[in-house]
Amino acid sequence: MSKGLTSRKENYSQWYNDLVIKADLAEYSSVRGCMVIKPYGYAIWEKMQSVLDKMFKDTGHSNAYFPLFIPKSFLSREAAHVEGFAKECAVVTHYRLKNSPSGNGIEVDETARLEEELIIRPTSETIIWNTYKNWIQSYRDLPLLINQWANVVRWEMRTRLFLRTTEFLWQEGHTAHATKEEAIEETLKILDIYSSFARDWMALPVVRGTKTEVERFAGAVETYSIEALMQDGKALQSGTSHFLGQNFAKAFDVTFLNREGRLEHVWATSWGVSTRLMGALIMAHSDDRGLILPPKLAPIQVVIVPIYKKTEDLELISRKAAGIKKKLEQEGITVRYDDRDTNKPGWKFAEYELKGVPVRLALGPRDIENNTVEIARRDTLEKSLHPFDGIENLVSDMLEEIQSNIYKKAVDFKEKNTFRVDTYEEFREIIEKKGGFVLAHWDGTNETEEKISSETKATIRCIPLDSEKEEGLCIVTGKPSAQRVLFARAY
RNA sequence: CGGGGUGUAGCGCAGUUGGCAGCGCGCGUCGUUCGGGACGACGAGGUCGGAAGUUCGAGUCUUCUCACCCCGACCA
């Protein structure tokens with residue numbers, strides 16, 4: 001048990017908070033609802049960014065950057081969109097401060113009121129479509145495939161580190177297409193990118209699906225999402241991809257001349273993942289000793305800890321460690337040699353476990369004598385001794401094994417906690433007692449969906465894309481249903 | 001916005017009837033330690049969230065105020 005880390009069983013959300021803070025990923029800032037992402041946490045986010053960025057570029061997208069401020073009038077151009085975001089917008093009303101007449105401090109200069117208020121972007125569709133209007137004239141300008149890495153602000157009432165903060169970091173893709181089919185294809189292509197990123201890099205299995213009308217993005221025709229299951233049985237929406245139809249094109253009058261010389265509105269998509277993925281990563285794999293990071297996203301993949309009494313020992317060990325470090329680095333592995341004299345080995349062991357470093361090598365006088373290294377893996381906590389020779393291959397293989405092992409564990413957890421139920425009693429029982437994903441039939445109406453969510457706090461996470469289309473009867477109304485949908489309590 | 005709570009050292013907290021501002025962790029120096037979160041000695045660190053009031057005297061009592069946290073309604 002780690003010092004000061006609440007156990008998951010004791011209090012899951014406390015465990016999560018403790019972990020984020022003690023593993024040095026982030027901390028609360030002096031600004032309400034906003035957090036500071038610390039270097040170790042940001043390093044993980046940077047890894048995610050660089051992988052995703054490459055995936056976007058490999059599929060033809062380019063990065064650009066649009067303003068943080070959105071004129072108020074823009075937001076109201078698309079009816080559903082403004083409806084969805086109005087309640088959580090930060091608004092800039094003034095552009096100047098002045099010294100208080102009382103002499104202490106500063107205050108807003110009321111004479112410096114903005115003619116039109118500016119909204120801090122909660123998402124960028126409006127400013128982007130206002131811009132695209134000037135970029136698109138002909139079918140030759142299409143498709144337009146743009147992504148931006150940015151911060152956005154949503155004035156949430158309650159916040160949680162990484163999962164929901166007032167300001168957060170994300171990427172938002174915004175594309176324009178000549179046809180509906182092409183836009184839908186793009187939406188699905190991105191959904192694929194998200195789900196394979198989750199699987200192959202985060203070691204996180206997800207369910208892909210469409211959102212119900214109630215859960216749909218404000219302004220979208222169809223919203224697709226990936227849904228992940230956390231260890232406490234709650235679902236976390238981890239990425240969304242929207243088919244926007246012609247809603248924004250119409251609202252911002254974005255048209256193009258097609259091959260036949262006819263003017264048409266373009267078809268649009270938007271899609272995003274945020275620093276919320278950090279929350280998913282933390283909650284999906286970690287244990288009561290601390291983080292467990294998939295090696296492919298770990299900022300430090302291997303740490304080498306020297307164990308010594310005398311400085312002569314340290315010199316010998318350091319020479320040996322430098323050799324190992326070099327060999328591992330040649331394999332493309334990120335290694336830290338921690339020879340700080342300020343902490344004891346035991347302290348370091350606990351510290352790197354807390355921080356989720358996948359593999360730890362310990363090197364002491366005994367190892368120097370026997371030509372061995374002690375290898376400990378974070379996911380299973382197994383320790384073993386290995387000869388110095390060929391250590392780089394062993395570690396390299398172990399990293400891959402850890403990556404696949406934690407994925408397997410997550411898949412196993414998801415399967416064990418996914419239930420098919422056919423009655424509402426059973427449904428409530430599982431939602432109340434066990435949590436997890438529940439697959440059940442639903443009659444497709446908003447009323448039934450809202451009844452279920454108000455009675456059980458479980459919502460329809462998505463209508464899965466990949467499951468078989470089994471017909472049945474709605475668990476609440478008994479009306480016919482074309483397929484089971486995925487319910488869960490969600491973050 | 002409704003309900004509850006907390007503001008005292010970097011962090012976590014104690015502070016009795018109003019009477020010298022404390023404890024643990026952390027931090028600094030020195031020494032012994034070092035194969036699973038070591039130990040000892042010495043030391044630094046405070047407008048007690050803010051303002052006003054009662055009092056010889058306020059961390060403590062009164063009034064006002066600000067901030068943050070937790071639970072609900074909203075959400076990637």
Side-chain angles (χ1 to χ4, degrees), chain A residues 1-5 11 13-14 17-18 21-22 27-34 83-89 102 104-105 122-123 151-172 194 211 214-218 220 223 225-228 235-242 270-280 289-290 305-311 313-314 317 339-355 360-370 372-374 376 381 383 385 453-454 457 459 461 490-491:
Chain A
M1 188 72 53
S2 175
K3 235 186 204 171
L5 187 61
N11 184 342
S13 44
Q14 191 62 47
N17 277 328
D18 285 359
I21 288 167
K22 288 182 195 295
E27 65 184 30
Y28 293 103
S29 73
S30 334
V31 187
R32 192 211 85 117
C34 297
E83 169 88 9
F85 286 106
K87 283 169 287 180
E88 50 188 33
C89 286
S102 65
N104 41 14
T123 179
N151 57 340
V152 286
V153 166
R154 295 183 186 174
W155 213 266
E156 302 291 351
M157 297 172 195
R158 297 201 52 217
T159 57
R160 294 202 62 192
L161 294 166
F162 287 117
L163 299 176
R164 183 172 303 109
T165 47
T166 301
E167 180 190 7
F168 59 94
L169 304 183
W170 75 348
Q171 58 69 217
E172 48 180 325
Y194 288 161
K211 286 291 189 182
V214 170
E215 298 275 333
R216 195 138 65 207
F217 174 73
T223 288
S225 77
I226 54 171
E227 301 287 331
L236 185 71
Q237 179 175 308
S238 306
T240 51
S241 183
H242 315 290
S270 70
W271 28 274
V273 292
S274 71
T275 37
R276 179 179 253 200
L277 288 178
M278 295 285 296
R289 296 172 86 98
V305 178
I307 294 154
Y308 60 95
K309 286 196 174 87
K310 296 171 295 213
T311 42
D313 292 340
L314 179 62
I317 291 164
D339 62 348
R340 287 177 301 171
D341 193 31
T342 46
N343 297 96
K344 288 181 55 181
W347 188 92
K348 291 176 186 173
F349 292 173
E351 181 70 5
Y352 289 108
E353 274 166 12
L354 183 60
K355 291 193 154 192
R360 182 187 71 229
L361 305 182
L363 210 50
R366 286 210 299 267
D367 299 300
I368 300 296
E369 204 172 306
N370 306 329
T372 56
V373 185
E374 185 193 81
L381 298 169
K383 288 199 284 198
L385 277 177
S453 92
S454 70
K457 289 183 183 146
T459 50
R461 301 321 306 151
Y491 275 99

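- Taking a pair to require two hydrogen-bonding distances under 3.5 Å in either a Watson-Crick or a G-U wobble arrangement, rA51(B) pairs with rU63(B).
- With rG35(B), rC74(B), rG37(B) as the choices, the nucleotide that has an atom nearest any side-chain atom of A350(A) turns out to be rG37(B).
- Evaluation of atom-type donor-acceptor distances gives a pair under 3.5 Å for the side chain of D367(A) against the base of rG35(B).
- Here the NZ-CZ distance, from K211(A) to R461(A), works out to 4.0 Å after rounding to the nearest 0.5 Å.
- If you take atom C1' in rU54(B) and the same atom in rC64(B), they sit 15 Å apart, rounded to whole Å.
- For E351(A) and rG37(B), the CD to C1' distance is 9 Å, given to the nearest whole Å.
- Heavy-atom nearest nucleotides on RNA chain B were determined for L385(A) and for V31(A), and the one closer to the 5' end corresponds to L385(A).
- With a 3.5 Å ceiling on both atom-pair distances, the Watson-Crick or G-U wobble partner of rC68(B) is rG5(B).
- Comparing the C1' positions of rC20(B) and rG35(B) gives an interatomic distance of 49 Å, to the nearest angstrom.
- In this structure, P365(A) and R154(A) both approach RNA chain B, and ranking their closest nucleotides by distance from the 5' end singles out P365(A).
- W347(A) has its CH2 atom 14 Å from the C1' atom of rC25(B), to the nearest Å.
- Nucleic acid contact class of K383(A) (heavy atoms, under 4.0 Å, all strands): base.
- When each of rG37(B), rC74(B), rG36(B) is scored by its nearest atom to the side-chain atoms of M157(A), the top-ranked nucleotide is rC74(B).
- Nearest heavy-atom pair, T459(A) versus A490(A), reported as atom, atom and distance to 0.1 Å: OG1-CB, 4.3 Å.
- Nucleotide rG28(B) forms a Watson-Crick or G-U wobble pair with rC42(B), both donor-acceptor distances falling under 3.5 Å.
- Taking atom CG on D341(A) and atom C1' on rU32(B), their separation rounds to 13 Å, with Å as the unit.
- Judged by a 6.0 Å distance limit and a 45° cone about the ring axis, R160(A) is not positioned over the six-membered ring of Y491(A).
- Comparing rG22(B) with rA9(B), their C1' atoms sit 10 Å apart, to the nearest whole Å.
- rA76(B) has F168(A) stacked on its base ring, the centres lying under 5.5 angstrom apart and the planes within 30 degrees of parallel.
- For the P atoms, the distance linking rA67(B) with rG49(B) amounts to 16 Å, nearest Å.
- With hydrogens and angles disregarded, a donor-acceptor distance shorter than 3.5 Å links the side chain of T223(A) to the backbone of F217(A).
- Nucleotide rA21(B) forms a pair with no other nucleotide shown, judged by Watson-Crick or G-U wobble geometry with both contacts under 3.5 Å.
- In this structure, L163(A) reaches the bases: a heavy-atom distance under 4.0 Å links it to at least one base atom across the strands shown.
- Rounded to a whole Å, the OH atom of Y491(A) is 18 Å from the C1' atom of rC74(B).
- Rounded to a whole angstrom, the distance from the P atom of rC39(B) to that of rC25(B) is 9 Å.
- Judged purely by atom type and a 3.5 angstrom limit, R154(A) uses its side chain to pair as donor or acceptor with the backbone of P122(A).
- rA73(B): no Watson-Crick or G-U partner with both key distances under 3.5 Å is found in any strand.
- Rounded to whole angstrom, the span from the CG atom of N11(A) across to the P atom of rC70(B) amounts to 12 Å.
- The base of rG35(B) is not paired with the side chain of K348(A) by any donor and acceptor separated by under 3.5 Å.
- At a threshold of 4.0 angstrom between heavy atoms, the contacts of S454(A) with the nucleic acid are absent.
- OP1 or OP2 of rA38(B) lies within a sub-4.0 Å distance of a side-chain N or O belonging to K344(A).
- A straight line from OH of Y194(A) to C1' of rA76(B) spans 11 Å, rounded to a whole angstrom.
- Side-chain contact, H242(A) with S270(A): no donor N or O sits under 3.5 Å from an acceptor N or O.
- The listed nucleotides are rG37(B), rG36(B), rG35(B); the one nearest the side chain of I307(A) is rG35(B).
- Computed from coordinates, the K309(A) NZ to rA38(B) C1' distance equals 13 Å when rounded to whole Å.
- Rounded to the nearest Å, the gap between the C1' atom of rC23(B) and that of rU8(B) is 12 Å.
- Atom CD1 of I21(A) and atom P of rG26(B) are 18 Å apart (whole Å).
- Using N1 to N3 plus N6-O4 or O6-N4 for Watson-Crick, or N1-O2 and O6-N3 for G-U wobble, each under 3.5 Å, rG37(B) pairs with nothing.
- Atom name C1', nucleotides rG59(B) and rG50(B): the rounded distance is 14 Å, in whole Å.
- Considering only the side chain of T240(A), rA76(B) comes nearest among rC68(B), rA76(B), rG35(B).
- A side-chain donor-acceptor contact under 3.5 Å links S29(A) to the backbone of V31(A).
- As judged by a 4.0 angstrom heavy-atom cut-off over every strand, Q237(A) is placed among residues touching the sugar-phosphate backbone only.
- Among the protein residues, R160(A) comes within range of no part of the nucleic acid, since none of its heavy atoms lies under 4.0 Å from any strand.
- A donor N or O paired with an acceptor N or O is not found under 3.5 Å between the base of rG37(B) and the side-chain atoms of R289(A).
- Spacing of C1' atoms, rC66(B) relative to rA51(B), comes out at 10 Å, to the nearest Å.
- Contacts of R32(A) with the nucleic acid, taken as non-hydrogen atoms under 4.0 Å apart, involve only primed sugar atoms and P, OP1 or OP2.
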Audit row: Y308(A), D339(A), side-chain hydrogen bond (donor to acceptor under 3.5 Å, both in side chains) steps and yes/no: CA-CA 10 Å; Y308(A) 60 95; D339(A) 62 348; over 6 Å; no
